[in-house]
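Quick notes on the structure that follows.
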Amino acid sequence: MSFLSNYLVTIIQQRLHNHFGPLNWWPADSPFEVIVGAILTQNTAWTNVEQAIHNLKQADVLSPEKLAKLPVNQLEELIRPSGFFRQKAARLQNLAIHLTEEWQNNLDDFCSGPLVAARQRLLALSGIGPETADSILLYAAGRPSFVVDAYTRRIFKRVGLLKGQESYDEIRQMFMQNLPEEVQLYNEYHAQIVQLAKTCCRKVKTFCSDCPLKGVCHHANPSI
DNA sequence: GTCCAGGGGA
DNA sequence: TCCCCTGGAC
């Protein structure tokens with residue numbers, strides 16, 4: 001990996017941290033709630049997910065045992081605000097049944113072992129792709145697996161570090177090969193990326209003049 | 001009222 | 001490539 005990638009990946013994290021301060025993700029009361037949130041937030045704004053999780057708490061079904069037993073049409077109604085509610089209800093229930101039947105609801109065991117193996121175990125489940133798997137590993141299990149999302153792609157393409165055709169795993173490797181393997185660093189970095197994407201580095205209406213990456217990013221100043 | 005943002009599967 | 005869906009912005 002080039003010196004330039006290493007320099008940019010590192011300095012961007014520092015800039016974002018200085019600008020936003022520590023963000024202390026993931027906002028949840030338990031590891032299982034993180035897992036549920038990771039599935040519900042697929043292709044969905046977090047505000048919609050909050051309502052769905054609120055509904056699950058109100059109904060007192062936010063545990064693998066209860067989600068496994070809940071009639072799926074009831075689950076669909078509870079999570080409806082998060083969108084794509086039919087597929088997400090099936091995904092959640094499938095995961096809850098898997099955890100209950102194969103892992104005795106022991107999330108530590110489920111996410112333990114070599115990182116590659118734990119990641120494969122997650123990816124084998126229906127409805128868990130790379131981003132959801134890495135979110136669960138990082139934010140529910142506290143394991144050093146960098147999360148890549150649409151925001152990461154957008155920001156680092158604008159910065160000039162990505163062309164746009166890279167695969168998920170290539171981008172993940174770019175971060176992991178250029179950063180020390182620290183859970184807290186991965187945790188904060190992804191949170192900072194999301195924060196930047198929601199404030200300055202939005203999809204269409206950008207606010208480059210307010211951006212903490214001014215001077216580093218091609219988008220704000222194509223002459224760099 | 002229309003549009004927009006946003007992962008995974010087939 | 002297309003389908004799955006919502007709340008919020010405009």
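Throughout, a chain's letter reflects where its sequence line sits, starting with A, and its residues are numbered from 1.
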Subject >> Length of the CG-P vector between N48(A) and dA5(B), whole Å >> reply: 15 Å

**OP:** Would you indicate what Q87(A) reaches in the nucleic acid, counting non-hydrogen atoms under 4.0 angstrom: base, sugar-phosphate, or nothing?
**Re:** base

Subject >> Pairs satisfying ring-ring contact (aromatic ring centres under 6.0 Å, His included), at least one member in residues 153-178 of chain A, at least two apart >> reply: F146(A)-F175(A), F156(A)-F175(A), F175(A)-Y189(A)

**OP:** In whole angstrom, give the distance that lies between atom CZ of F84(A) and atom C1' of dC4(B).
**Re:** 12 Å

Original post:
Out of dT6(C), dC5(C), dG7(B), which has the shortest distance to the side chain of D149(A)?
Top reply: dG7(B)

Original post:
Mapping K205(A) and R80(A) onto DNA chain C by nearest heavy atom, which one lands closer to the 5' end?
Top reply: R80(A)

Subject >> Interatomic distance where CG belongs to N55(A) and P belongs to dT6(C) [whole Å] >> reply: 14 Å

**OP:** Just call it for S82(A): base, sugar-phosphate, or nothing, with non-hydrogen atoms closer than 4.0 Å on any strand.
**Re:** nothing

Original post:
Heavy atoms under 4.0 Å, any strand shown: does F85(A) hit a base, just sugar-phosphate, or nothing?
Top reply: sugar-phosphate

**OP:** Remember a base hit wins even if backbone is also touched, and classify R154(A) as base, sugar-phosphate or nothing at under 4.0 Å, heavy atoms.
**Re:** sugar-phosphate

Original post:
Can you find a side-chain donor-acceptor pair between N105(A) and T100(A) that sits under 3.5 Å?
Top reply: yes

**OP:** Take the protein atom CD of Q51(A) and the nucleotide atom P of dT6(C), then report the distance between them rounded to whole Å.
**Re:** 13 Å

Original post:
Between I128(A) and V204(A), who's closer to the 5' end of DNA chain B by nearest nucleotide?
Top reply: V204(A)

Subject >> Interatomic distance where CG belongs to L92(A) and P belongs to dG7(B) [whole Å] >> reply: 16 Å

Subject >> Nearest heavy atoms of I136(A) and A38(A), plus distance in Å >> reply: CG1-CB, 4.0 Å

**OP:** Determine the contact category for R202(A): base if any of its heavy atoms lies under 4.0 Å from a base atom, sugar-phosphate if only primed atoms, P, OP1 or OP2 are that close, otherwise nothing.
**Re:** nothing

**OP:** Compare side-chain N and O positions of T47(A) against OP1 and OP2 of dG8(C) and report whether any pair is under 4.0 Å apart.
**Re:** no

**OP:** May I have the distance from D169(A) (atom CG) to dG8(B) (atom P), rounded to whole angstrom?
**Re:** 12 Å

**OP:** Please determine, by modelled atom types, if D109(A) and S112(A) share a side-chain donor-acceptor pair under 3.5 angstrom.
**Re:** no

Subject >> Sugar-phosphate, base or nothing in reach of A150(A), heavy atoms under 4.0 Å >> reply: sugar-phosphate

Original post:
Can you name the nearest heavy-atom pair linking R15(A) to P212(A), along with the distance?
Top reply: NH1-O, 2.9 Å

**OP:** Look at the side-chain N and O atoms of R91(A) and state whether any lies under 4.0 Å from the OP1 or OP2 oxygen of dG8(B).
**Re:** no

Original post:
Expressed in angstrom and rounded to an integer, what is the separation of R153(A) atom CZ from dA5(B) atom P?
Top reply: 17 Å

Subject >> Spacing between L123(A) atom CG and dG8(B) atom C1', to the nearest angstrom >> reply: 11 Å

Original post:
When all nucleic acid strands are considered with a 4.0 Å heavy-atom cut-off, which category describes I39(A): base, sugar-phosphate, or nothing?
Top reply: nothing

